[in-house]
Amino acid sequence: MQQAIYQFQIKSQPLTCKAFGNGNINYTFLITTESGAQYILQRINTHVFKKPIQLMENVIAVTKHISTKVDDPNKVLHFVPALDGKYYYRDERRRYWRCYEFVGGFCLEAPETDADFYESAVAFGRFQEQLADFPAACLHETIPNFHNTPDRYRQLHIAMDEDACDRLQYVQREVDFLLEREQEAGSIQRMLESGEIPLRVTHNDTKLNNVLLDQRTRKALCVLDLDTVMPGSSLFDFGDSIRFGAATAPEDVQELSRMSMDLHRFEVYTKGYLDGCHSLTNREIELLPLGAKTITLELASRFLTDYLESDHYFKTQYSDHNLIRTRAQLKLVQDMEAKWDQMHRIVESYMGR
Ligand code: GN1
Ligand code: MG
């Protein structure tokens, strides 16, 4: 049993504790209690989230805002206060914990049906819509420059210059691929800065496995993992869902021939996202394919940076894991490029609706 659970105001005696989910950053446990009530206990990764108290202020503000907009209490997360009333507990080793009620439901690593993927798209679209009137100025920036793609490239350049563990020699092809696309990858950030596309309050980590689906109906209950809710671009929220959920293989597949982008799934998600969120401008809709490509390049450069810096950021299961992830993302980019015109035709059919 993780002792931290006893520091939260849960209503019944904890019985079991199991590692839960597949997050790459935090440490997550499912706690089952005597009464049958279940809780998620999470240890926040403070190497990644340097200001956990501010992070929890964001998460609580966002969930409170959403709870005023939903008809069903299961459609938003309910955080449990610690014994002192705060929404986190700091243990004697200065590790930060939080806890929320778990009402059941499940997350998918890949859509099993189109309907699953459509549901997740509506959930993320709706999330965007629910936060459209959230006062963005109240949000702390939990990870500065999180989806600032030029800044991610800048960090890659630093990692290459330093080459701290002599790994650059193994990744020349991957580096070349990324650098050939550096200009294009920075264009969304530049459009945000010039005001050509709006800055919105976005989720910023819209993987399919961050959506909780109802066990019985398979309808989306709510969106999880609110740590990166910050001002950002809808293009990245859309794009990250495509990168993860419209891919034909997991993000760390070794056999690159298995990795491609499923155009049909791309269309399903486009429809769902725009059904959930009505406020995108035509310019944003037109740029959705670029959102998918940019976020995939950005994550590839983050994985590669982490590989060059000896894997201190993402959890890894074996020594080349971040390199394998990089290659899988680049293969996905390559396939998007091959399908570029078709992706455009799809999104254009949704413009002006
Ligand atoms: C991390 O923890 P998880 O798996 O939901 C990461 C995302 C990446 C993702 C890649 C805070 O998210 O940005 O896209 O891994 N989160 C953070 O799987 O860096
Ligand atoms: Mg997650």
Side-chain angles (χ1 to χ4, degrees), residues 19-29 40 42-52 54-56 58-59 62 77 96 98 100 106-110 120 123-124 127 139-149 151-153 155-156 185 188 202-212 222-233 235-247 249-253 259 291-307 309 311-317 321-333:
F20 191 74
N22 286 317
N24 285 329
I25 305 292
N26 293 322
Y27 305 85
T28 307
F29 305 91
I40 296 292
Q42 267 182 326
R43 175 153 73 81
I44 301 171
N45 180 332
T46 46
H47 173 61
V48 169
F49 296 107
K50 313 250 184 241
K51 296 182 174 167
Q54 294 186 344
L55 177 149
M56 284 313 293
N58 278 4
V59 170
V62 165
L77 294 181
Y96 285 80
R98 64 168 168 218
Y100 62 84
F106 63 103
C107 300
L108 289 170
E109 288 306 312
S120 75
F124 280 121
F127 182 83
L139 283 176
H140 306 287
E141 209 179 352
T142 51
I143 302 182
N145 291 318
F146 190 57
H147 286 320
N148 180 335
T149 317
D151 196 65
R152 295 296 189 176
Y153 265 86
Q155 290 175 32
L156 174 62
I188 291 180
T202 49
H203 184 279
N204 297 307
D205 188 8
T206 52
K207 303 198 297 190
L208 178 68
N209 65 11
N210 283 333
V211 178
L212 188 67
C222 64
V223 160
L224 307 173
D225 221 343
L226 307 177
D227 303 329
T228 50
V229 174
M230 282 180 284
S233 170
L235 303 181
F236 294 142
D237 270 10
F238 174 87
D240 209 22
S241 293
I242 297 301
R243 176 193 73 74
F244 190 83
E251 69 180 13
D252 58 355
V253 67
M259 179 57 103
K293 181 174 175 183
T294 303
I295 205 77
T296 311
L297 284 167
E298 180 186 290
L299 190 62
S301 69
R302 292 173 63 196
F303 285 146
L304 190 58
T305 301
D306 203 31
Y307 176 73
E309 291 177 346
D311 313 307
H312 62 88
Y313 186 94
F314 294 102
K315 291 183 200 160
T316 50
Q317 269 129 40
H321 202 166
N322 273 316
L323 178 56
I324 295 295
R325 287 169 170 151
T326 307
R327 289 186 177 144
Q329 298 306 296
L330 295 183
K331 175 68 198 309
L332 186 57
V333 169

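Heavy-atom basis, side chains included; hydrogens, waters and symmetry copies ignored. Atoms within each ligand, like the ligands themselves, are counted from 1 in listed order. Residue indices begin at 1 and follow the sequence shown.
The contact set between ligand 1 and D225, taken as ligand atoms under 4.0 Å from a residue heavy atom, comprises 5 (O). The contact set between ligand 1 and G23, taken as ligand atoms under 4.0 Å from a residue heavy atom, comprises 2 (O), 4 (O). Residue F49 has at least one heavy-atom neighbour below 4.0 Å for each of these atoms of ligand 1: 11 (C). Distances below 4.0 Å separate heavy atoms of Y313 from the following atoms of ligand 1: 11 (C), 17 (C), 19 (O). Using a 4.0 Å cut-off to heavy atoms of R243, the atoms of ligand 1 that qualify are 10 (C), 14 (O).
Proximity annotation for atom 3 (P) of ligand 1: of N24, T296, N26, N24 comes nearest, heavy atoms only.
Not one N or O of T228 is nearer than 3.5 Å to an N or O of ligand 1, by distance alone. For N22, no nitrogen or oxygen atom sits less than 3.5 Å from a nitrogen or oxygen atom of ligand 1, counting backbone and side chain alike. The N/O atoms of E251, backbone and side chain alike, include one that comes under 3.5 Å of an N/O atom in ligand 1.
Here the closest non-hydrogen pair linking N145 and E141 is N-OE2, 3.3 Å. Nearest approach of T149 to E298, heavy atoms of both residues: OG1-OE1, 2.9 Å. Closest heavy-atom contact between T202 and P231: OG1-C, 4.1 Å.
Here the side chain of T296 pairs no donor or acceptor atom with the backbone of L330 at under 3.5 angstrom. Using a distance-only test at 3.5 Å, with no hydrogens or angles considered, a donor-acceptor pair links the side chain of D306 to the main chain of Y313.
Aromatic ring pairs are classed by plane angle as parallel below 30°, tilted from 30° to 60° and perpendicular above 60°; the pair F124 and H203 is perpendicular.
In R325, neither the side chain nor the backbone holds a heavy atom less than 4.0 Å from any atom of ligand 1. When heavy-atom distances to ligand 1 are checked against a 4.0 Å cut-off, N209 has no atom that comes that close, whether in backbone or side chain. Heavy atoms of F244 found under 4.0 angstrom from ligand 1: none, in either backbone or side chain.
Between the side chains of Q54 and N58, not a single donor N or O lies within less than 3.5 Å of an accepting N or O.
Atom CG of N204 sits about 11.5 Å away from atom CG of N210, to the nearest 0.5 Å.
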